[in-house]
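Input: a single structure, listed below in structure tokens.
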Number of protein chains: 2
Amino acid sequence: MDDIDRRLLALLQQDATLAYATLGQAVGLSAGAVHERVRKLRERGIIRSTTVDVDPSALGLGILAFVLIESNAWLGERSTADALAAIPEVCEAHVVAGSASILVKIRTTSTENLQVVLKKLFEIDGVTGTHAILSLETFFERPAGPPTER
Amino acid sequence: MDDIDRRLLALLQQDATLAYATLGQAVGLSAGAVHERVRKLRERGIIRSTTVDVDPSALGLGILAFVLIESNAWLGERSTADALAAIPEVCEAHVVAGSASILVKIRTTSTENLQVVLKKLFEIDGVTGTHAILSLETFFERPAGPPTER
DNA sequence: CGTGAAATCGTCATGAA
DNA sequence: TTCATGACGATTTCACG
């Protein structure tokens with residue numbers, strides 16, 4: 001995991017369709033060498049997957065909300081993770097420090113649909129309350145840039 | 001934007017390295033037809049980009065925090081977006097409804113580094129306070145699944 | 001890590017439904 | 001419009017130095 005790897009990751013984050021030859025030209029390596037480095041980055045799990053970034057609103061998912069979940073028991077268990085993962089509208093789930101115990105990121109097609117999801121959250125064992133924060137506008141969403149760029 | 005498009009998006013979100021021939025086999029189309037559909041999905045901006053999902057901790061970004069920003073003025077302006085975008089540790093920024101006006105998602109290498117970023121937030125015009133929520137564990141992070149899957 | 005060859009894939013033109 | 005087919009060029013991929 002040297003500086004060249006970090007530059008490759010930064011380039012691939014911007015555009016994963018770049019040819020190995022192009023990447024090689026950018027970092028001063030041959031296509032074969034780049035191929036081998038990227039293969040190892042995948043193998044090590046540093047590159048988790050290659051995906052497409054889909055505009056949520058194009059799928060009708062125009063509502064974005066962050067919800068803080070309060071509870072009367074510790075929710076940092078796998079069973080909680082499973083229960084949240086079973087709700088497709090939940091895009092992210094984190095165990096957090098503070099007055100709430102869980103923070104989830106939710107995308108729905110409407111506020112009515114959001115209400116249905118909040119109801120499902122309440123049905124999870126131990127949940128005593130939720131605090132929803134509605135997003136009015138997303139300034140930006142981007143990957144964590146390699147510390148190299150800082 | 002029909003059902004086949006949604007299935008293609010779902011497949012590409014899981015693995016954007018799939019060959020057009022493979023995608024075609026999955027949805028019952030020829031490689032050429034899939035190529036044309038994906039090209040249009042990109043053209044329309046429904047597919048924003050093709051990227052790699054990089055494990056943040058592999059880059060040393062082990063700290064994740066959500067920060068609510070309070071202000072004494074309306075921060076939903078482009079100048080605010082620009083100021084936040086200039087901080088590389090800020091992965092997301094949303095204008096939100098509630099007692100706070102902005103919610104940001106921040107990744108840093110350490111809590112010391114987080115402190116530096118919080119200081120930068122305070123230097124933005126109108127900011128009167130921040131409320132940080134530290135993530136202890138991330139259950140999961142995934143893209144918004146097409147409503148088809150629900 | 002570079003080179004080169006072989007297999008695979010992306011890409012486009014053509015024609016048909 | 002949308003799709004299938006076929007052919008060409010580019011790219012991935014791998015063995016070897």
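So that the names make sense, note that chain A is the first sequence line, chain B the second, and so on, each numbered from 1.
Along DNA chain C, the stretch of nucleotides lying under 4.0 Å from any heavy atom of chain A spans, 5' to 3', C/dC1 to C/dT3.
Partners of B/E137 by salt bridge (charged side-chain N to carboxylate O under 4.0 Å, His left out), not counting sequence neighbours: none found. Every residue two or more places apart in sequence or in another chain that forms a salt bridge (charged side-chain N to carboxylate O under 4.0 Å, His left out) with A/E123 is listed here: A/K119. Partners of B/R39 according to the side chain to side chain donor-acceptor pair (under 3.5 Å) rule, which considers only residues two or more places apart in sequence or in another chain, are B/E36, B/E43. Under the salt bridge (charged side-chain N to carboxylate O under 4.0 Å, His left out) criterion, B/E141 pairs with B/K105, B/R107, not counting sequence neighbours. Listed by chain and residue number, B/L18, B/A19 satisfy the side chain to side chain contact (heavy atoms under 4.5 Å, CB included) test with B/T22 (two or more places apart in sequence, or in another chain).
The salt bridge (charged side-chain N to carboxylate O under 4.0 Å, His left out) analysis of residues 49-61 of chain B, with sequence neighbours excluded, yields the pairs A/R48-B/D53, A/R48-B/D55. Sequence neighbours left out, not one pair with a member in residues 73-84 of chain B passes salt bridge (charged side-chain N to carboxylate O under 4.0 Å, His left out). Pairs passing the ring-ring contact (aromatic ring centres under 6.0 Å, His included) check and including a residue from residues 90-123 of chain A, sequence neighbours excluded, read A/H94-B/F66. Residue pairs satisfying the ring-ring contact (aromatic ring centres under 6.0 Å, His included) criterion with at least one member in residues 6-50 of chain A, sequence neighbours excluded, are listed as follows: A/Y20-A/H35.
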What one-letter contact string describes nucleotides 2-17 of chain D from 5' to 3', where B marks a base within less than 4.0 Å of any protein heavy atom, S marks contact via sugar-phosphate atoms alone, and - marks no contact? SSBB------SS----
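When all heavy atoms of B/L59 and A/A144 are compared, the closest pair comes out as CD1-O, 3.9 Å.
Axis angle between the ends of the helix from C/dC1-D/dG17 to C/dA17-D/dT1, five pairs each and rounded to 10 degrees, works out to 30°.
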